[in-house]
Participant: 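One structure follows; several queries about it will come next.
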Amino acid sequence: MARVHTPRIFSGIQPSGGLTLGNYLGALRRFVEKQGQIETIYCLVDLHAITVWQEPERLRHQTREAAAAFLAAGIDPAQSVLFVQSHVPAHAELGWMLSCVARVGWMNRMTQFKDKAGKNAEAVSLGLYAYPALMAADILAYRATHVPVGEDQKQHVELTRDIAAKFNHDYGTDFFPSPEPVIEGAATRVMSLRDGTKKMSKSDPSDASRINLTDDADAIAQKIRKARTDADPLPGSMEGLKDRPEARNLVNIYAALSGETPDALLARFEGQGFGTFKPALADLAVSVLEPITRRMNELMGDPAEIDRILLAGAEKADAIASPIVAEAREIMGMIRGPR
Ligand code: AMP
Ligand code: TRP
């Protein structure tokens with residue numbers, strides 16, 4: 001009989017810049033909702049961040065700031081494991097082992113790599129190419145069964161399933177689960193405020209394209225006021241926004257923030273223009289984000305406390321992952337070592 005794997009959530013965010021409203025709605029807020037329902041493990045994936053150049057002092061700052069964002073958004077270190085990837089050696093170790101399971105042809109299909117490498121594919125780091133194998137290791141080192149992510153990560157979680165299946169098949173075992181991507185809600189893909197066809201990203205060169213969790217009320221209101229839209233009034237349902245990506249994005253953001261369905265929201269705003277909609281959206285965004293930003297600022301006033309929380313989280317994570325990786329080593333035929 002096949003092994004039944006205990007339900008467990010794992011997810012990660014790269015500290016490669018300040019977190020955005022996209023990270024909050026697509027990931028962070030949903031991480032908080034899962035807390036208490038199921039075992040939850042959340043990771044600041046600094047080893048992923050260095051696949052592209054990171055200035056060392058900035059990386060340290062951004063990692064603490066991302067931790068502050070998790071805590072401010074409601075992650076409770078007593079209920080969730082919150083830690084930094086590089087503090088737990090199992091990730092890099094299993095990452096190598098799984099990169100010997102994954103096939104080059106599988107990596108070549110990864111759309112995020114193609115987007116990030118662009119025309120420059122020969123000059124990017126080897127790590128950027130191997131990154132999906134490390135992500136598989138993040139998930140499988142905990143034998144996680146569910147992975148809440150935004151839409152853009154679906155392909156990587158599916159690759160993780162392929163890697164787990166090949167490992168299980170090659171070694172005649174049912175050791176690894178087949179983790180499921182959990183992609184839900186109105187904001188699985190928040191788009192740029194400047195271009196409704198690009199996702200909102202912490203690495204976009206234009207700061208006006210995104211709302212950062214560190215932005216104050218004035219900055220949020222100004223970015224929403226200047227967000228690209230069209231001149232037409234809002235229709236009565238989402239059907240009418242099919243060819244209006246910028247308008248659709250703002251409506252989805254509003255719905256995700258207010259907890260309404262986009263159609264219910266449009267029933268209220270039908271016939272109104274962005275002159276009315278944008279100020280309402282700005283007020284709503286500020287009311288949701290301001291308490292989080294305030295709490296982040298307080299937490300950043302005591303970085304030593306953040307470090308203590310992260311180190312305690314790393315111990316808990318290591319206690320789970322280290323025996324799992326030791327067992328994987330044994331399955332692969334390595335002589336039992338000191339750990
Ligand atoms: P990253 O910022 O790439 O480390 O992403 C961390 C998490 O946030 C992943 O689950 C992403 O899918 C999610 N995410 C990032 N950007 C967005 C976005 N614009 N809309 C929705 N989810 C996002
Ligand atoms: N690759 C993810 C991103 O860029 C971050 C990530 C790394 C992750 N490891 C993970 C997400 C494991 C979920 C599970 O958004």
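Remember, it's 1-based here, ligands and their atoms both numbered in the order they're listed.
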Participant: Taking the side chain as every heavy atom from C-beta outward, state whether Q14 and Q54 have any atom pair closer than 4.5 Å.
Facilitator: no
Participant: Could you name the option among L44, N23, I13 that has the heavy atom nearest to atom 5 (O) of ligand 1?
Facilitator: N23
Participant: List every atom of ligand 1 that sits less than 4.0 Å from any heavy atom of A187, numbering the atoms from 1 in the order shown and giving each element.
Facilitator: 21 (C)
Participant: My understanding is that we take every heavy atom of each candidate and find the minimum distance to atom 18 (C) of ligand 1. Doing that for V147, V149, V190, which one comes out nearest?
Facilitator: V190
Participant: Assign the ring pair F83 / H91 to parallel, tilted or perpendicular, where the plane angle (0 to 90°) is split at 30° and 60°.
Facilitator: tilted
Participant: For G26, take its heavy atoms, then give the atoms of ligand 1 lying under 4.0 Å from any of them.
Facilitator: 21 (C), 22 (N)
Participant: For ligand 1, which atoms have a heavy atom of R189 less than 4.0 angstrom away?
Facilitator: 20 (N), 21 (C)
Participant: Taking a 3.5 Å cut-off between nitrogen or oxygen atoms, can you list every pair linking ligand 2 to the protein, with distances?
Facilitator:
from: ligand 2; atom 1: 1 (N); to: Y131; atom 2: OH; distance (Å): 2.5
from: ligand 2; atom 1: 1 (N); to: Q153; atom 2: OE1; distance (Å): 3.1
from: ligand 2; atom 1: 4 (O); to: Q14; atom 2: NE2; distance (Å): 2.9
from: ligand 2; atom 1: 4 (O); to: Y131; atom 2: OH; distance (Å): 2.8
from: ligand 2; atom 1: 4 (O); to: Q153; atom 2: NE2; distance (Å): 3.3
from: ligand 2; atom 1: 9 (N); to: D138; atom 2: OD2; distance (Å): 2.6
from: ligand 2; atom 1: 15 (O); to: Q153; atom 2: NE2; distance (Å): 3.2

Participant: Counting distance only, does the side-chain N/O of Y42 pair as donor-acceptor with the main-chain N or O of F31 below 3.5 Å?
Facilitator: yes
Participant: Should the pair F167 and Y171 be assigned to parallel (<30°), tilted (30 to 60°) or perpendicular (>60°) ring geometry?
Facilitator: tilted
Participant: Got a donor-acceptor contact below 3.5 angstrom from the R244 side chain to the D232 backbone?
Facilitator: yes
Participant: So, Y131 and Q112: side-chain donor and acceptor under 3.5 Å apart, yes or no?
Facilitator: yes
Participant: So, are R161 and E158 salt-bridged, with charged N and O less than 4.0 Å apart?
Facilitator: no
Participant: Among all the protein's non-hydrogen atoms, which is closest to atom 10 (O) of ligand 1, and how far away is it?
Facilitator: G150 N, 3.1 Å
Participant: Should you measure from each heavy atom of K199, which atoms of ligand 1 turn up under 4.0 Å away?
Facilitator: 15 (C), 16 (N)
Participant: Any nitrogen or oxygen of S11, side chain or backbone, less than 3.5 Å from one on ligand 1?
Facilitator: no
Participant: Against heavy atoms of D152, which atoms of ligand 1 measure under 4.0 Å?
Facilitator: 11 (C), 12 (O)
Participant: Using a 4.0 Å heavy-atom threshold (strictly under), name the region of K202 that reaches ligand 1: side chain, backbone, both or neither.
Facilitator: side chain
Participant: Mind checking whether Q14 contacts ligand 1 via backbone (N, CA, C, O), side chain (CB onward), both or neither, at a 4.0 Å heavy-atom cut-off?
Facilitator: both
Participant: Report yes if some heavy atom in the side chain of R103 is under 4.5 Å from a heavy atom in the side chain of N108; otherwise report no.
Facilitator: no
Participant: Let's go through H5 and F175 carefully: what are the C-alpha distance in whole Å and the side-chain angles of both, what is the deciding distance for ring-ring contact (aromatic ring centres under 6.0 Å, His included) to 0.1 Å, and is it a yes or a no?
Facilitator: CA-CA 9 Å; H5 292 277; F175 186 64; 7.9 Å; no
Participant: Can you tell me which portion of T188 lies within the under-4.0 Å heavy-atom range of ligand 1? Options are side chain, backbone, both, or neither.
Facilitator: backbone
Participant: I'd like to know if E57 pairs up with R60 as an ion pair, taking the criterion as any Lys NZ or Arg NE/NH1/NH2 lying under 4.0 Å from an Asp or Glu carboxylate oxygen.
Facilitator: yes
Participant: Checking a contact table here: which protein heavy atom is nearest atom 7 (C) of ligand 1, and how many Å away?
Facilitator: A27 CB, 3.7 Å
Participant: Using a strict threshold of under 4.0 Å (side-chain N to carboxylate O), is an ion pair present between K199 and D152?
Facilitator: yes
Participant: With nothing but distance in play, are any N or O atoms of Q153 less than 3.5 Å from an N or O of ligand 1?
Facilitator: no
Participant: With a 4.0 Å cut-off, would you call D307 and R64 a salt bridge?
Facilitator: yes
Participant: Note the single closest protein heavy atom to atom 23 (C) of ligand 1, along with its residue, its atom name and the distance in Å.
Facilitator: G22 O, 3.5 Å
Participant: Indicate yes or no: at least one non-hydrogen side-chain atom of K154 is less than 4.5 angstrom from one of V149.
Facilitator: no
